Amino acid sequence: MKKFGIFYGSSTGVTAETADEIAKTLGTAPADVYNVRHTNPDKVSEYDNLILGSSTWGAGDLQDDWYDFLDGLEVLDLKGKKIALFGCGDETMSDTFCGA
Ligand SMILES: Cc1cc2nc3c(=O)[nH]c(=O)nc-3n(C[C@H](O)[C@H](O)[C@H](O)COP(=O)(O)O)c2cc1C
């Protein structure tokens, strides 16, 4: 079975719950699900398959905890990794729906 690392940022818990649902569906262990607020970006190096999730805040912005984590990701070599993205948002905000 493929090993996935699931990394999410969540302010009110919706993206956290979604990450857990994705993990259950894929058979990913809870230990491979990370809240980026409490995680060193280097952790992604342990996985070939990454699933990254953010809710959208402000007007199409990333969830707050992602900014520092992304700074950390940008200096890593992610070549060859398979990366999937998911997002949570409010579809009534049609201009910025899941803009993160
Ligand atoms: C102040 C505020 C701004 C928001 N801005 C957006 C937005 O621009 N686009 C969007 O799709 N959702 C927006 N949302 C909705 C959130 O992304 C949504 O509630 C999401 O489920 C929160 O997930 P989280 O609890 O994992 O952070 C906003 C919500 C609030 C309260």
Side-chain angles (χ1 to χ4, degrees):
M1 191 188 291
K2 265 192 188 151
K3 193 176 177 193
F4 295 92
I6 302 176
F7 296 80
Y8 69 87
S10 183
S11 297
T12 65
V14 178
T15 310
E17 274 179 40
T18 308
D20 287 342
E21 284 298 319
I22 292 170
K24 270 187 217 149
T25 303
L26 295 175
T28 297
D32 294 316
V33 181
Y34 299 92
N35 182 335
V36 297
R37 187 184 304 171
H38 310 299
T39 305
N40 187 313
D42 288 344
K43 206 63 188 163
V44 303
S45 305
E46 296 177 17
Y47 300 90
D48 292 330
N49 303 293
L50 301 172
I51 301 178
L52 312 179
S54 176
S55 47
T56 295
W57 289 86
D61 301 325
L62 281 168
Q63 192 273 340
D64 275 351
D65 300 317
W66 266 105
Y67 289 97
D68 284 346
F69 197 83
L70 265 190
D71 286 345
L73 283 190
E74 278 172 6
V75 299
L76 297 176
D77 182 6
L78 302 178
K79 205 176 282 174
K81 292 190 187 299
K82 295 210 169 106
I83 302 177
L85 305 175
F86 71 97
C88 297
D90 181 340
E91 63 192 343
T92 65
M93 300 179 183
S94 53
D95 288 349
T96 59
F97 177 52
C98 283

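Note that ligands are numbered from 1 as they come in the structure, with each ligand's atoms numbered from 1 the same way. Please read all numbers here as calculations on a predicted model, not as lab measurements. What you see below is based on every heavy atom in this structure, not just the backbone, and it leaves out hydrogens, waters and symmetry mates.
For atom 20 (C) of ligand 1, the closest non-hydrogen atom on the protein side is Ser55 CB, 4.0 Å. Counting only heavy atoms of the protein, atom 2 (C) of ligand 1 lies nearest to Trp57 CE3, 3.6 Å. Looking only at protein heavy atoms, the nearest one to atom 6 (C) of ligand 1 is Met93 SD, 3.1 Å. Here the heavy atom of the protein found nearest to atom 25 (O) of ligand 1 is Thr12 OG1, 2.3 Å. The single protein non-hydrogen atom nearest to atom 8 (O) of ligand 1 is Thr96 OG1, 2.7 Å, given as residue, atom name and distance.
Under the 3.5 Å distance criterion, the side-chain polar atoms of Thr96 are left unmatched by any main-chain donor or acceptor of Ala59. Under the 3.5 Å distance criterion, the side-chain polar atoms of Trp66 are matched with a main-chain donor or acceptor of Gly53. Checking side-chain atoms of Asp65 against main-chain N and O of Val36 turns up no donor-acceptor pair under 3.5 Å.
Between Gly9 and ligand 1, no N or O atom pair is found at a separation short of 3.5 Å. Polar contact with ligand 1: present for Gly60 (N/O pair, distance under 3.5 Å). At least one N or O atom of Asp90, backbone or side chain, sits closer than 3.5 Å to an N or O atom of ligand 1. Remark: ligand 1 and Ala59 share no N or O pair separated by less than 3.5 Å (distance only, no angle test).
For ligand 1, the atoms closer than 4.0 angstrom to any heavy atom of Phe97 are 11 (O). Distances below 4.0 Å separate heavy atoms of Cys88 from the following atoms of ligand 1: 17 (O), 21 (O). Within ligand 1, the atoms closer than 4.0 Å to a non-hydrogen atom of Gly89 are 10 (C), 11 (O), 12 (N), 17 (O), numbered from 1 in the order shown.
At a 4.0 Å heavy-atom cut-off, ligand 1 touches Cys98 through the backbone alone.
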Exercise. Which is it for Ser55 and Gln63 under the side chain to side chain donor-acceptor pair (under 3.5 Å) test, yes or no, and what are the steps along the way?
Worked result: CA-CA 5 Å; Ser55 47; Gln63 192 273 340; 5.5 Å; no
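Residues Asp90 and Thr56 have side chains not in contact (no heavy-atom distance under 4.5 Å, counting atoms from C-beta outward). Side-chain atoms of Phe86 and Thr15, non-hydrogen and from C-beta on, do get closer than 4.5 Å to each other.
The closest approach between any non-hydrogen atom of Gly58 and ligand 1 is below 4.0 Å.
By the 6.0 Å contact criterion, CD on Glu91 is open, its count of non-hydrogen atoms from other residues, nucleotides or ligands being 12 or less. The 12-atom threshold is not exceeded at NZ of Lys82, counting heavy atoms of other residues, nucleotides or ligands nearer than 6.0 Å.
Applying side-chain contact (heavy atoms from CB on, under 4.5 Å) to Asp32 and the options Tyr47, Phe4, Phe7 leaves one that passes, Tyr47.
Closest heavy-atom approach to atom 26 (O) of ligand 1 among the candidates Thr56, Thr15, Asp65: Thr15.
When every heavy atom of Thr18 is checked against every heavy atom of Cys88, the shortest pair comes out as OG1-SG, 3.5 Å.
The protein reaches atom 17 (O) of ligand 1 closely, with a heavy atom under 4.0 angstrom from it.
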